Amino acid sequence: MKKLSSIILTGLAPLTILTTASLATSCSKQSNEKLIHDQNVYFHTPAIADTITVIDLSAFDDEVRDDMNTTFQSLQGLIVQQKQKAELFVKSGVDERDRWLYDMQDKYHFNINVVNNVNQEEGKEDIWDVLRSYKSLFNSKYIQYTKANKDAEAGSPERENISINNATMVSACDHYLMVSDKLIEKYETKFTNIGIAKATDAWDPTTHSAFETFNHYKDQLNKTMLLNQDPVDFVLRDYAIAAKIPAVCVGLEKDHRDEIAATMKHNSPMFGWSHGFDGSVSKCGAEQDYLIWATTNKMNVLASDHCYNLSFYSYDRTYKVYKQHEHKNLVADPNKHYLAIVMSDGDNIQWMQNDFLTSTEYWGNPCRGKFPISWTISPSPIDLNNSILERMYATATDNDELIAGPSGYSYINPAWYYQDDLLDSYNAFAKRTGEYMHDCDLSVANVLDFQYPGYDPESPDPQPPTDPKCMTPFMQQDQIKGLVWSLDGLSLDGHGSVDWINDKPLLSFREGIWDNDYLHRDEVLKRLKTYPHNPKIIDGYTACVVNVWAQEGKMFKINDFVRQLPKDVELVTISQLLQLIKDNVPHVHAVPEKYPHPNKN
């Protein structure tokens, strides 16, 4: 990586994993194959400027910094939308989030000009000069909104004020700057002095509901993506404005959310997260209900509520297929029990963009590479922030395997999609997943079902409580060689069973590592010692899912777990485990005799 001026890049700490030059030449990176996935699923910024203005808001008071960030995100989005070019980057204030700027500079050789609110004292350009220079893009007008108060009582109007989402749609369609009440209270004179005034004749985001605002602008808004964002979150406004994405909090629109969903193109990705879906926006609740609602309304979920600067990063795209290290097929040893460890939550692209690669709890752990492990990832960053995948593939070891996270290129509940009136959309989703997996060299996917049809937590039936045929659309894709199935909140309701679709294995997780006593790694180790050594039956194989948010799910703990494995337990990747099962186990439905019952213990 080129050494950058410490003056120009004040506050941006360089990443030390690999330089971008070494990324380009690292082994197991990219082939000469061309991409086959639809590259219009997500919005892409068409061009990038020779000089990028980096807005540094670190000197602002805490009480207004996020609001000022929102204002500049709205400007960032308007620049991309109207000039079809990335010219502005708004620092988040967290190095892990901002580091991708370096990778892009090394690839595209733009200059960086950092601007903050103290430069004027030095006779330099400050943030107000930046706003002044772009006034023509927003008609020298701002739209005023009231930000929700995250500290207010749950369910109160102050906590659930959705005017920031309304203002996002107004800004995208009518081309106004977004400015909060707090900023006007503190800086109204500043705005006046640079010739920026309130748009008095504009649609008022503070007096209309989200549905009214959506309905007013629906003919101008993009119907291929939706932003579901908590109104206290200021993130993703740049991307929503650049692409004219509807911005709502569907949890607060119970009477109208189905109507909003009905206007969207089938298999539209939903950015953001499930905040508020349980009716209380104060907690990140009801993931299950949110996924079922999205799936049955022919949409999918992209966990991205803290993805910064996507309108900037989405310019960065690859045109060649990624390649993993090869994980060779194994010959079964009758004296071994085979185990594969799968790290959860790969659908979460905001985690991938932020600290996943550098955190010592995950990819950045020095123990990584010492033993085989399978990481679930989303292939969608190939379109949204390609530097993430470049760095991941370049730093992967021979023992790291990448598989698609729940449930494919984006997050759905397959069991709920497998319905007659949804099947065409499901088939299209599965086909698109196969294409994304091809371009990222993924052959296995982790699929997840919450509260699947027929769910009964008290049932003693050890068989998967939903029809395995619901995975048929996935198994029809040539790229997909097998699936590993998470069932219910602990992912273990399938009891380690195997089913066969198109002669491909659908394996459910038998074990999991969580923080509760029954799924503590020590208890898993005890059970592994009792599992048989017989590659001819499904009992001889265990897929173990790790809850990455649990304390027991951190890489140091997993390393301890692996060091304590009995010598007759062989650790392999999940693709190797599936291949061993396919080569040795009869191709009929089977359930191990022994498996944990975490819901009952």
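Computed from a predicted structure; not experimentally measured.
- In this structure, the separation between CG on Leu302 and OH on Tyr411 is 12.5 Å, given to the nearest 0.5 Å.
- Applying the side chain to side chain contact (heavy atoms under 4.5 Å, CB included) test to Thr376 and every residue at least two apart in sequence or in another chain returns Val342, Ile403, Asn446.
- Checked against side chain to side chain contact (heavy atoms under 4.5 Å, CB included), Thr360 has the following partners two or more places apart in sequence or in another chain: Phe556.
- In this structure, the side chain to side chain contact (heavy atoms under 4.5 Å, CB included) partners of Glu96, at least two apart in sequence or on a different chain, are Val94, Arg99, Asp355, Thr358.
- Listed for the Tyr393 side chain is a donor-acceptor partner under 3.5 Å among the backbone atoms of Cys440.
- Looking at heavy atoms from C-beta onward, Tyr426 lies out of side-chain contact with Trp416 at the 4.5 angstrom threshold.
- Looking at Gln324, its side chain does come within 3.5 Å of a backbone N or O of Leu402 through a donor-acceptor pair.
- Asn547 contributes a side-chain N or O that, together with a main-chain N or O of Trp549, makes up a donor-acceptor pair within less than 3.5 Å.
- Here side-chain hydrogen bond (donor to acceptor under 3.5 Å, both in side chains) pairs that include residues 238-249, with residues two or more places apart or in two chains, are Asp238-Ser311.
- Asn386 and Arg391 share no donor-acceptor pair across their side chains, judged by distance under 3.5 Å alone.
- A donor and an acceptor atom, one from each side chain of Tyr308 and Asn69, are nowhere located under 3.5 Å apart.
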I'd like to know whether Leu310 forms a side chain to side chain contact (heavy atoms under 4.5 Å, CB included) with Gln353, so could you lay out the CA-CA distance, the side-chain angles of the two residues, the decisive distance to 0.1 Å, and finally the verdict. CA-CA 10 Å; Leu310 280 192; Gln353 180 176 318; 3.7 Å; yes
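- With sequence neighbours left out, the ring pair (Phe, Tyr, Trp, His ring centres under 6.0 Å) criterion links Tyr409 to Phe429, Tyr436.
- Smallest separation of non-hydrogen atoms from Val248 and Asn165: C-ND2, 3.7 Å.
- Among residues two or more places apart in sequence or in another chain, the side chain to side chain contact (heavy atoms under 4.5 Å, CB included) test is passed with His438 by Glu33, Ile36, Val321, Gln479.
- Taken to the nearest 0.5 Å, the OH atom of Tyr418 stands 4.5 Å off from the OG1 atom of Thr472.
- Asp230 places a side-chain N or O within 3.5 Å of a backbone atom of Val232 that can act as its donor or acceptor partner.
- Side-chain polar atoms of Asn399 and Thr397 form no donor-acceptor pair below 3.5 angstrom.
- The salt bridge (Lys or Arg N to Asp or Glu O under 4.0 Å) analysis of residues 307-318, with sequence neighbours excluded, yields the pairs Lys107-Asp316.
- With values rounded to the nearest 0.5 angstrom, Ser31 atom OG is found 9.0 Å from Asp439 atom CG.
- Looking at Leu75 and Ile79, their side chains come closer than 4.5 Å, going by heavy atoms from C-beta outward.
- No side-chain donor-acceptor contact under 3.5 Å links Asp424 and His266.
- Side-chain atoms of Ser92 and Asp98 include a donor-acceptor pair closer than 3.5 Å.
- Nearest heavy atoms, Lys320 versus Leu35: O-CD2, 3.4 Å.
- If you check the side chains of Arg237 and Thr168, you find a donor sitting under 3.5 Å from an acceptor.
- When ring centroids are compared, Trp485 and Phe474 stay outside the 6.0 Å threshold.
- Asp38 places a side-chain N or O within donor-acceptor distance of the main-chain N or O of Asn40, the cut-off being under 3.5 Å.
- Side-chain atoms of Asn111 and Asn113, non-hydrogen and from C-beta on, never get closer than 4.5 Å to each other.
- Between the side chain of Lys481 and the main chain of Ser575, no donor-acceptor pair closer than 3.5 Å is present.
- A salt bridge (Lys or Arg N to Asp or Glu O under 4.0 Å) check over residues 357-377, counting only residues at least two apart or in different chains, returns the pairs Glu361-Lys554, Arg368-Asp400.
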Ser380 vs Tyr42, side chain to side chain donor-acceptor pair (under 3.5 Å): CA-CA, chis, key distance, verdict: CA-CA 9 Å; Ser380 287; Tyr42 302 105; 2.7 Å; yes
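- Side-chain contact check for Lys557 versus Ile513: every heavy-atom pair is 4.5 Å or farther apart.
- The shortest side-chain heavy-atom distance between Leu101 and Phe110 falls under the 4.5 Å cut-off.
- Across all their heavy atoms, Gln39 and Thr318 have their closest contact at OE1-O, 4.5 Å.
- The side-chain heavy atoms of Asn228 and Trp273, taken from C-beta on, include no pair separated by under 4.5 Å.
- The CG atom of Leu291 sits 7.5 Å away from atom CG of Leu448, with the distance rounded to the nearest 0.5 Å.
- Scanning both residues, Asp345 and Val548, for their nearest heavy atoms gives CB-CG2, 3.8 Å.
- Proximity of Asn365 to Asn559: side-chain heavy atoms (C-beta onward) are nowhere separated by under 4.5 Å.
- Side-chain N or O atoms of Thr573 include none that pairs as donor or acceptor with a backbone N or O of Pro372 at under 3.5 Å.
- Using modelled atom types, one side-chain atom of Gln76 and one backbone atom of Leu88 make a donor-acceptor pair closer than 3.5 Å.
- Here Gln105 contributes atom CD and Ile52 contributes atom CD1; the two are 9.5 Å apart, rounded to the nearest 0.5 Å.
- Under the ring pair (Phe, Tyr, Trp, His ring centres under 6.0 Å) criterion, Tyr362 pairs with Trp351, sequence neighbours left out.
- Ser443 places no side-chain N or O within donor-acceptor distance of the main-chain N or O of Ile480, the cut-off being under 3.5 Å.
- Panel note: side chain Asp515, backbone Gln551; a donor-acceptor pair is recorded below 3.5 Å.
- Residues Asn267 and Ser425 approach most closely at ND2-O, 2.9 Å, considering heavy atoms.
- Annotation: the span from Asn297 atom CG to Met264 atom CE amounts to 11.0 Å, rounded to 0.5 Å.
- Partners of Tyr315 by ring pair (Phe, Tyr, Trp, His ring centres under 6.0 Å), not counting sequence neighbours, listed by chain and number: Tyr108.
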Give the C-alpha distance, both sets of side-chain angles, the deciding distance and a yes or no for side chain to side chain contact (heavy atoms under 4.5 Å, CB included) between Ser486 and Phe509. CA-CA 6 Å; Ser486 302; Phe509 284 111; 3.2 Å; yes
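- Closest of all the heavy-atom pairs between His325 and Asp398 is ND1-OD1, 3.1 Å.
- Legend: salt bridge (Lys or Arg N to Asp or Glu O under 4.0 Å) pairs involving residues 71-89, not counting sequence neighbours, sorted by first then second residue: Lys83-Glu87.
- Using a 4.5 Å heavy-atom cutoff, the side chains of Glu390 and Tyr322 are in contact.
- Judged by distance alone, the side chains of Thr433 and Gln477 never bring a donor and an acceptor atom under 3.5 Å apart.
- Under the rule for a ring pair (Phe, Tyr, Trp, His ring centres under 6.0 Å), His44 has no partner lying at least two apart in sequence or in another chain.
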